[in-house]
Protein chains: 2
Amino acid sequence: MTDAPDPVPARRGRPGYDREQMLFSAVRVFNELGYDATSVAALTERLGLSKAALYHHFDSKEQVLDASLERALGSLEAVLDADEAMSGSAIDRLAAVLRGAVAVLVAELPHVTLLLRVRGNSEVERRALTRRRAFDQRIAALVRHAQREGSVRSDIEASVAARLLFGTVNSIVEWYRPGGPEGADRLADDVVAVALDGLRT
Amino acid sequence: MTDAPDPVPARRGRPGYDREQMLFSAVRVFNELGYDATSVAALTERLGLSKAALYHHFDSKEQVLDASLERALGSLEAVLDADEAMSGSAIDRLAAVLRGAVAVLVAELPHVTLLLRVRGNSEVERRALTRRRAFDQRIAALVRHAQREGSVRSDIEASVAARLLFGTVNSIVEWYRPGGPEGADRLADDVVAVALDGLRT
DNA sequence: GTCTATAAAGAGATAGAC
DNA sequence: GTCTATCTCTTTATAGAC
């Protein structure tokens, strides 16, 4: 249990950790144990520090969570606000959003993983869930648009289709590990292929 | 917070709750708050009982979890052992397993939801994860079979395809609620349609 | 930026009565 | 089948020194 400290991105020269490094390490532990099962002691043991050290960088354990959720949500919202999501046919925009979401999932894997496990047990968690719902609704609107355009099947309700779509995308956090055999681009290709064209030959 | 007790399936006549009813109620609370965030007090408050009452029916909080995970895993494993999963072409068996899994998800929604959130924090959780992995591998083998048979595209690795497939299926627990507009059969149709034939027209 | 020490609250679980 | 009372351990967070 007392292994070497997390190999946190170095910060040249100075001793100790800054807020960024501590967040990086903490989110990893949250994802391993689950946020609620993680004590502040578990958070700081990972870095070889005492509990009190965390309170120098954050007001509370919950503020660590908040910082992580902000990253995840900010990155995901940016995908919907990007140029590729704003022009072209609805099906092309949908595909671009799927690719963008996969890219964010991979790039911000720990933060997004944490976001997807939030259940609404506190004000911080409920705010995050509200932003997530808004994201989901923008996806559903995009699917509806593609249905009206005729490029997406209309025999499945848009909200259900959108949920199954992002169920597929979001499930990636359960097994994908960067540096494995599958690159992020290849993964995005596979997701778009399965989601839009199906598994059948 | 002190609402009416959970409307647990009645047990005609006698006072108090039996093990089955207590499990039913407890698993609901676990899913609302998350297992780790749920105290034994929260569990029994829901039924209007004291903490000690739970220990008449279960040895520990963890044994409640164990009982729930056993149900979920048993039901899922039964899908793979069913007749429809044993004969016919691989693609037909795959479709049958998908339908069966959706049916189990809906029928045992609380137990499966709990299972899908387990992270391996205890021996009970790790045993459940081991069984889940075995299930996943049987799915991957089925996909591989369908690829060799030529009915499933081979440009996506079987293990990745299987994971995306069950990512789609499992995500149902995040939003589906029985008694809503979508019936279980219709939902299974939608899942098989999206997974095998895709969303595109 | 980190430490030790400690406060205050809440956790899981048990004993024994009804 | 449930209760009250209690034990013990762990939790989040703070105070104040280095």
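Every heavy atom of this structure was used, including side-chain atoms; hydrogens, water molecules and symmetry mates were not. What you are looking at is a predicted structure, and each value in this text was computed from that prediction instead of being measured. Naming: A, B, ... by sequence-line order, numbering from 1 per chain.
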**Asked** side chain to side chain donor-acceptor pair (under 3.5 Å): which pairs involve residues 174-187 of chain B, sequence neighbours left out?
**Response** B:Arg186-B:Asp190
Show me, pair by pair, the donor-acceptor contacts under 3.5 angstrom made by side chains of residues 93-104 of chain A, not counting sequence neighbours?
| from | atom 1 | to | atom 2 | distance (Å) |
| --- | --- | --- | --- | --- |
| A:Arg93 | NE | A:Gly88 | O | 3.3 |
| A:Arg99 | NH1 | A:Asp189 | OD1 | 2.8 |
| A:Arg99 | NH2 | A:Asp189 | OD1 | 3.3 |

**Partners meeting side-chain hydrogen bond (donor to acceptor under 3.5 Å, both in side chains) with A:Ser151 (sequence neighbours left out)** = A:Glu149
Distances under 3.5 Å only, N/O to N/O: pair up the protein atoms with those of nucleotides 3-5 of chain C.
| from | atom 1 | to | atom 2 | distance (Å) |
| --- | --- | --- | --- | --- |
| C:dC3 | OP2 | A:Ser50 | N | 2.4 |
| C:dC3 | OP2 | A:Ser50 | OG | 2.7 |

**Asked** salt bridge (charged side-chain N to carboxylate O under 4.0 Å, His left out): which pairs involve residues 67-80 of chain A, sequence neighbours left out?
**Response** A:Glu20-A:Arg71, A:Glu70-A:Arg131, A:Glu77-A:Arg131
**Message:** Any side-chain N or O of A:Tyr55 below 4.0 angstrom from OP1/OP2 of D:dA13?
**Reply:** yes
**Complete:** In whole angstroms, the gap separating C1' of C:dG1 from CD of A:Gln21 amounts to 12 Å
Name the atoms and distances for all side-chain donor-acceptor pairs under 3.5 Å in residues 50-57 of chain B, with sequence neighbours left out.
| from | atom 1 | to | atom 2 | distance (Å) |
| --- | --- | --- | --- | --- |
| B:His57 | NE2 | B:Tyr17 | O | 3.2 |

**Prompt:** C:dG10 P sits how many Å from B:Leu43 CG, rounded?
**Reply:** 18 Å
**Request:** Can you tell me the distance, in whole Å, between the CD atom of A:Glu20 and the C1' atom of C:dG1?
**Result:** 17 Å
**Prompt:** Counting distance only, does the side-chain N/O of A:Gln21 pair as donor-acceptor with the main-chain N or O of A:Asp18 below 3.5 Å?
**Reply:** yes
**Message:** For a quick test of reading the model: is some side-chain N or O of B:His56 closer than 4.0 Å to OP1 or OP2 of D:dT2?
**Reply:** no
**Item:** For B:Arg200, side-chain hydrogen bond (donor to acceptor under 3.5 Å, both in side chains) partners two or more places apart
**Value:** A:Asp197
**Prompt:** Which residues satisfy the side-chain hydrogen bond (donor to acceptor under 3.5 Å, both in side chains) test with A:Arg144, sequence neighbours excluded?
**Reply:** none
**Message:** Counting only heavy atoms and a strict 4.0 angstrom limit, can you tell me which residues of residues 60-68 of chain A come near DNA chain D?
**Reply:** A:Ser60, A:Lys61
**Asked** Run the side chain to side chain contact (heavy atoms under 4.5 Å, CB included) check on B:Val118 and B:Tyr35 step by step: do they pass?
**Response** CA-CA 9 Å; B:Val118 153; B:Tyr35 174 76; over 6 Å; no
**Asked** With A:Arg138, which residues qualify under side-chain hydrogen bond (donor to acceptor under 3.5 Å, both in side chains), at least two apart?
**Response** A:Asp81
**Atom pair distance, as rounded to whole Å: CZ in B:Phe58 and P in D:dT2** = 12 Å
**Message:** Strictly by salt bridge (charged side-chain N to carboxylate O under 4.0 Å, His left out), give each pair with a member in residues 103-114 of chain A just once, sequence neighbours left out.
**Reply:** none
**Item:** d(OH, B:Tyr17; P, D:dT2) in whole Å
**Value:** 8 Å
**Request:** Measure the distance from CG on B:Leu47 to C1' on D:dG1 and round it to the nearest whole Å.
**Result:** 12 Å
**Message:** How many whole angstroms separate atom CG of A:Asp59 from atom P of D:dT12?
**Reply:** 15 Å
**Asked** Residues from residues 26-39 of chain A sitting under 4.0 Å of DNA chain D, heavy atoms only?
**Response** A:Thr38, A:Ser39
